[in-house]
Every structure is written in C-alpha cells, then in structure tokens.
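What follows is a single structure, written as structure tokens, with notes after it.
Proteins come first, then strands; the chains are lettered A, B, ... in the order of their sequence lines, and each starts at number 1.
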2 protein chains.
Amino acid sequence: MEKIGDFQINSIVQGDCVELLKKLPNNSVDLIFADPPYNLQLNGELFRPNQTKVDAVNDGWDKFDSFESYDKFCLQWLSECRRVLKSTGSIWVIGSYHNIFRIGKIMQDLGFWILNDIIWIKTNPMPNFKGTRFNNAHETLIWASKSEKSSYTFHYKSMKTFNDDLQMRSDWYIPICQGEERIKVNGKKAHSTQKPEELLFRIILSTSNINDLILDPFSGSGTTAAVAKRLKRKFLGFERELFYVQVANERLNKIIPLAEPVLEYKIERRKPKVPFGSLIEKGFVEIGEVLYSKNGLHQAVVLADGSLQYGDLVASIHKVSAFILGKENYNGWSFWYVKRNGILQSIDDLRNLYSEKYFGTPFKIHSKTISKTA
Amino acid sequence: MEKIGDFQINSIVQGDCVELLKKLPNNSVDLIFADPPYNLQLNGELFRPNQTKVDAVNDGWDKFDSFESYDKFCLQWLSECRRVLKSTGSIWVIGSYHNIFRIGKIMQDLGFWILNDIIWIKTNPMPNFKGTRFNNAHETLIWASKSEKSSYTFHYKSMKTFNDDLQMRSDWYIPICQGEERIKVNGKKAHSTQKPEELLFRIILSTSNINDLILDPFSGSGTTAAVAKRLKRKFLGFERELFYVQVANERLNKIIPLAEPVLEYKIERRKPKVPFGSLIEKGFVEIGEVLYSKNGLHQAVVLADGSLQYGDLVASIHKVSAFILGKENYNGWSFWYVKRNGILQSIDDLRNLYSEKYFGTPFKIHSKTISKTA
DNA sequence: CACCCTTGTGAATCAGTCT
DNA sequence: GAGACTGATTCACAAGGGT
C-alpha cells in the first residue's frame, strides 16, 4: 500500500495533529482542509485546545491567557501545515468570529497568501433564541496559497459551469448538515460540528486534481476523507479522539468512488495553441493576402513569416492591432478578418477550423494553474 | 453649541484620527463606526477584458510598509476608540480579507467582545476579470461591545420588524454605492470607497438611540454623519484629507432629519438561486446520470463539475441545450429532464424541491431605497 | 413613452509561456 | 531569473441615445 512518511495513504490516524504533522515530509501534500477547535466558551467552562479543562476562577485564567494559548496552538499546527504543503498546493481553514480572526492573522504572518475568504451562508441556521444579537447565519473559510508567488490549482471554468455560467462568488449557500447525512450513534449526533459534504465537494472539486493528496489535520467525523474518496483523491486524516476515528472509518467503508471519466475536467481542456504562422503554412491564409479590421477601415498585408505589414509598421497580428487601437496590448485573433466570397471571416474562426481538422478531439486534460510573477 | 471635549458636536474635524481621538474624554461616545484603510497591497495595473483600465484604489492613505506598521497603526486607533467608548456603547469596523483578520485579532486582544461578524454581501460586485479566484463579493463587519460583561444597545425587535418579522441574520444584501447616491466632483467619484447609506442605516438603527453620539474616526465622504443626522443622532467625524471634509460638509448641508423613524429601506423577499451544481452536491441529480430532452431524442451525461457531456461537446446545461436548438443562448432549466421511476421529471422541478427543502425560511435579499434625501 | 442597445464602472492583493 | 511575446478574460446596474 502506498505510504506518505510513516503513514498509510487513505487512512485516518489517531493522535495529536501537531505531533503527527511533524512526521510528514516537506512539500508532500496538495490540499489541506482544516476545521480547528473554536476555543468557544461554553457553560462558563473553557477548554484549552488540548481539551483539558480550565477553571476560570481558580486557575487565574483570563482572556489573554486563553487567546495566548490558542494562538500558540494555531501557530504550531499552521506552521507544520505550511511546511508539508507543496508550493503548488493550497489550504482551507474554516472558523467563526470566535477564532477566524486570530487564525487569519497568524496565516498572514506565516507567509500564507490569502486568495479569498469564502462565506458559507447557512440556508437553515439555528435561530438566536435570546434575541440579543443578529442570527449568526454563516461561517468563514480562508483559502490561501503557500506564498504570494506560488502557483495553485483552481478550476475556474468548472466552477463557472457549476454556477450556471456565472463566475462563482465568495458567498456559498449551503444547508447545515442534518437528516440522513448527519451521522448518529445511539440516536445522538456522533460529532457536534459535522460539516456538510456539499461544502467539501466544492472545495475539493475547485482546488485539487484527481489523485492529489488531501490532508485534514482535524478529521472529526471524516467529511473531508469521505468526499475525497468519492472524488478519487488520496487522503490522510489526523484525529485525536479514537471514537471519531472509528466513526470516520465506518463512514469511509460505505463510500464508493465515482468513475474516472465523470471526474475529468473536460471543461478546462485547452486546444493546442495554433500560431498564426500555421494558418499560413496550411493555406488557411495566403501569403500576401489582405487582412481587414471588422469595420473594414484598417487593412494589412500578410507576410511570409506571419507578420503583418501595416503602412511602415511590420509586426505580429497582436502588435499591429494594439497599435491601431492605441493600446499597450491586444489580442489580434479577435481583431482581424479575411475576405472569403466577399464576406469577412474572423481569423479566429479559421483557427478553429484548423484545430478541428488537425487535432480533432479529444484534447489533453488540463487544469488551470495560476502562477504569479514577480 | 454643544461640545464634546474640544470638538463641536455634529461636525467633521480635519486631522489625524489618533491625535484627535486623544483629545476626547473617556467614556464619551455611544457608537463608533470605523472604515479604516484596508492595506490592499495592489501591485501593477489591472485591465478589463475590453482593455480598459480598472480605476483601483491607489490612494496614499492606503499604503503601509508592512503588516507590522499596519498593526501598530490599528492598535493605536482601536485603543483610543475603546477608551472613549461608553461601557454601554458598541463599535463597528468594516474590512476585507486583506485587513479584517488583523483588525479582529487586535480588537479581541484589547478586550473588545465580538458580538457578531456581519457579512455585507454585494449584489453587484466587480467581477474577477482574469478568472484567477472566486469573485470577491463581500466585505466583513465586526460588531463588538466594550468588554465581555458590558451591556449594549441592540434594537432586536425593531430589526425583526424591519426584516418582515424574521430575525435579522448576519448576512446583509446591499448594493454597492453607485448612481445618484455616489458623490461626484467634476464627473469623477469624490471618494474611492464611499459606503452605501443603507449599510449605515441598519447599523445606526439597530445599535444606537436617538440623540446618541456617533463617532467615525475615518469619516471619508461622510456617510456615517449623513445617516446619523437623518436618524437624529449626534455625530462627530475625523478625517485627514481636507478635500473629503469639504465633500462631507456639502453633503451634510443637504440632509434633512427625519421627523419619524420611518422605514426608509424596503427589503424584498427572495430565495437564493440554486445553481445546477448544488443539485449534484446534494444528490438530486447523480453524477454520471443521463439527462433527457423532453421528447427523449437528446441525451447527455452529467459530470462532477455540473457540466454535461453531449458527444464531444462538454458545457453547461444552458450551452448544450442552446447548441442542440441551434440558438445562441437557452435556459437549460427548461430543456433537461431526469428519469425517475421511468418518468421524465424536469430538473427545474428538482430545483424547486431543493429550494423548498433547504430554503424554507425566505431570505431577505435585495433591498432598495424607497425615499431619497432632499 | 416604452423599449432596446451601447457604454461606463465599482475597496482587485487578477496571466502564462518561452527565450 | 528577467524580459519578451502571446493571447485569455467580466457581472450587475446606471445612464444615455436611438428607434
């Protein structure tokens, strides 16, 4: 079986996440999803991140102590996450106003580069019974790359298609996890903060590829692993409580991965690049032929090397169109037309004809990788 | 005329906010709204697909050397804000992912007690032109009391009435400030980040009383003061740029206080749109399932990202149906059917089922101004 | 006057590849 | 690694002009 460091791939490992993270090699993980403890104060009792109870009075506890220990804990696991994350990977962290500001600040300090904060808007939140505040109807996710300059996987076009051909926004409307999906043991919720699979579906689909390794350092009920398995990603989960490890394993046994063909990012296929010169070589455009702007006002002559002659200017289709429009840059494919049977035809159409004739389908699957340049 | 410290009540004072804050007495302000610089860290220029340049925030007041210098600045003005805030008062701070995490962390460290984070969801944000991230369609507001134990003003019932007798949620749907409301000088926007009055309307109405003193340490175009005056609150604004002070004063001169606390904004009742991808996430439509045209002649397979495979063509439900019908555009929701128990069922029906099941409580979405200032 | 089409624009951390 | 070159990329409104 495949391994990563000491760990079996596709498993939930019981133990403290910081200790376990330290055993992972550098730059070994493609995507991280983390749902850390929230540091909530409940029933007048405060729990430190390591789950030991703190006596608010006798322990001399105050908010500063609490925040300080929480910050220290987050600095540890986030540092390790950054170390194990590949430079092409990205990380998602979910939280509420109790902890997300501290987490975001620490992430920025560590050099993570925030790409978006995503708002999970709960379509069916619990009402605020006391009526003392606004109904807290959302949680916040931070999506970040390893550093400012690093590239990352993002299936922009797939998400646009997913969203009825409009680019996906930072507000996501997803019901809370209830009903059949909610795992119960002896009639009681197995985990108090089980996340909806819909949320992980979107995250994994948009920011990872098939066979990528996804790490969840706070695995809990195993939602990340379950969706990862279903979408044919590799996964590794860390979880402190043995009970949750068992719950997650039971859950995972029932998951059937989807067939590969339906998971491929066919929508992001790129046709092989066809340089303008290829159109000339194959006679789609003749040497010496005149190209026209859409309104016919501008004309240029095609030279043998694929450059255009426009008055004294000789340059690429892009440069000449940019010059005519008085712009720094322009896409010449959308500017120039040829005359065929007296009718203007876009050279971009000719390019498509060329592609169909010489490349046909299918094209190579290609995921969009964004890379930043200095 | 009434004064607070050295300052005239109901005025915009020109100067550095930290210096001016220091001149205010302790515990003297009922409500603070702060819209600090976001520290956007923009690099080069950004062009739209049509090659026009985006008029970005490039103002000197948003430039900071580092996170450290930004943190230091925020620690200063937030400390002073806490000092001048009455123990019965509260503070609102607005920001984006660039700065809001740092702000929230500092506020918690100073002892502010966060009551809610409110998401201003923009109904009409600027798109992401390059397809590199999710469209950043919101900003975040933090609402906090002076300390954990302090009481604070909150008109829960008013907000519920305002919201058609439904609890007001933490997600607010408000258009960006444009059109008549946007202040222009010589045809250009007077301030690059003018906030919509509706945002301040909700804030002031929900968390202050008539005759309360409201402080805005980053007054800018004067939206806070304008709405405060209209709602019969006292106000004090600090603003570094003389130009903005003048803009705000001109604006304020035109404001007529309301005789009655009438509802100025009407909230429309609408359920969020369900994109095709959501049906897949929840299993209303299975990945790999076949969709049929009404007459059954055309069939397509559903892929994981919500795209359809129809022969060699892979695209959205809308694009594929348009292709089949030989049209430029078509509404795929009315074209495609799934087979359930041998019977064809419209995917639009499935969408309604989803909506009924998970959006039971109607959302309050778009809101509009129904009366304008004189 | 109603309707349609074009143009402009908003807190934006906004490109990828080859030489 | 820097620089040159290619060519991919947008949503909701408001305002104004034309039919």
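Residue A:H318 places at least one side-chain N or O under 4.0 Å from the OP1 or OP2 atom of D:dG7. At least one side-chain nitrogen or oxygen of B:N136 sits closer than 4.0 Å to the OP1 or OP2 atom of C:dT13. Phosphate contact (OP1/OP2 of D:dG7, side-chain N/O of A:Y330, threshold under 4.0 Å): absent. A close approach under 4.0 Å does not occur between any side-chain nitrogen or oxygen of A:Y152 and OP1 or OP2 of C:dA15. Taking only side-chain nitrogens and oxygens, A:K157 never comes nearer than 4.0 Å to OP1 or OP2 of D:dA8. A sub-4.0 Å separation between OP1 or OP2 of C:dT7 and a side-chain N or O of B:R48 is absent. Listed pair B:K130 / D:dT10 fails the phosphate criterion, with no side-chain N or O lying under 4.0 Å from OP1 or OP2.
Counting only heavy atoms from C-beta on, B:D55 has its side chain closest to C:dG10 among C:dG10, D:dG7, D:dC11. The side chain of B:I176 approaches C:dA11 more closely than any other nucleotide in the set D:dT10, C:dA11, D:dA14. Comparing atom distances between the B:Q51 side chain and each of D:dT9, C:dG10, D:dT10 picks out D:dT9 as nearest.
Between A:K160 and A:D165 there is no salt bridge, since no side-chain N of the basic residue sits under 4.0 Å from a carboxylate O of the acidic one. One finds no salt bridge joining A:K319 and A:E328 here, because no Lys/Arg side-chain nitrogen approaches an Asp/Glu carboxylate oxygen to under 4.0 Å. Electrostatic pairing of A:D164 and B:K273 does not count as a salt bridge here, judged by no charged N lying under 4.0 Å from a carboxylate O.
Pairing of C:dT17, defined by two Watson-Crick or G-U wobble distances under 3.5 Å, is identified with D:dA4. If you check D:dT19 for Watson-Crick or wobble pairing at under 3.5 angstrom, you find it paired to C:dA2. The partner of C:dA11, taking Watson-Crick or G-U wobble pairs whose two distances both stay under 3.5 Å, does not exist in any strand shown. Base pairing analysis places D:dT9 opposite nothing; no Watson-Crick or G-U wobble pair with both distances below 3.5 Å involves it.
As a whole-Å value, the separation of A:D305 CG from D:dT6 P is 11 Å. Rounded to a whole Å, the CG atom of A:D164 is 12 Å from the P atom of D:dC11. Spacing between atom CG of B:L46 and atom P of C:dG10 amounts to 13 Å, rounded to whole angstrom units. Remark: P of D:dG7 and CH2 of A:W336 are 16 Å apart, rounded to the nearest angstrom. Distance B:F101 CZ to C:dT13 P: 13 Å, rounded to the nearest Å. The nearest whole Å value for the distance from the CZ atom in A:R169 to the P atom in D:dC11 is 11 Å. Remark: P of C:dT9 and CZ of B:F129 are 12 Å apart, rounded to the nearest angstrom. Going from atom CZ of A:F154 over to atom C1' of D:dA8 covers 15 Å, rounded to whole Å.
For C:dA11, its base sits under 3.5 Å from the side chain of B:K195 at one donor and acceptor pair at least. Side-chain to base pairing of B:R133 with C:dT13: one donor and one acceptor N or O lie within less than 3.5 Å of each other. Applying the 3.5 Å distance criterion, the base of D:dG7 shares no donor-acceptor pair with the side chain of A:R351.
The residue among A:S316 and A:D165 whose nearest nucleotide of DNA chain D is located toward the 5' end is A:S316. Annotation: of the two residues near DNA chain D, A:N331 and B:N124, the 5′-most nearest-nucleotide partner is A:N331.
Between B:F276 and A:F162, the gap from one ring centroid to the other reaches at least 6.0 Å.
Both cation-pi conditions hold for A:R82 and A:F112: the charged atom is under 6.0 angstrom from the six-membered ring centre and inside a 45 degree cone around its axis. Annotation: cation-pi geometry not satisfied between B:R240 and B:W61 (NZ/CZ under 6.0 angstrom from ring centroid, within 45° of ring axis).
Between A:Y310 and A:H298, the ring planes lie tilted relative to each other; the angle falls in the 30° to 60° range.
Base orientation of C:dT13: syn, since the glycosidic angle falls within 90° of 0.
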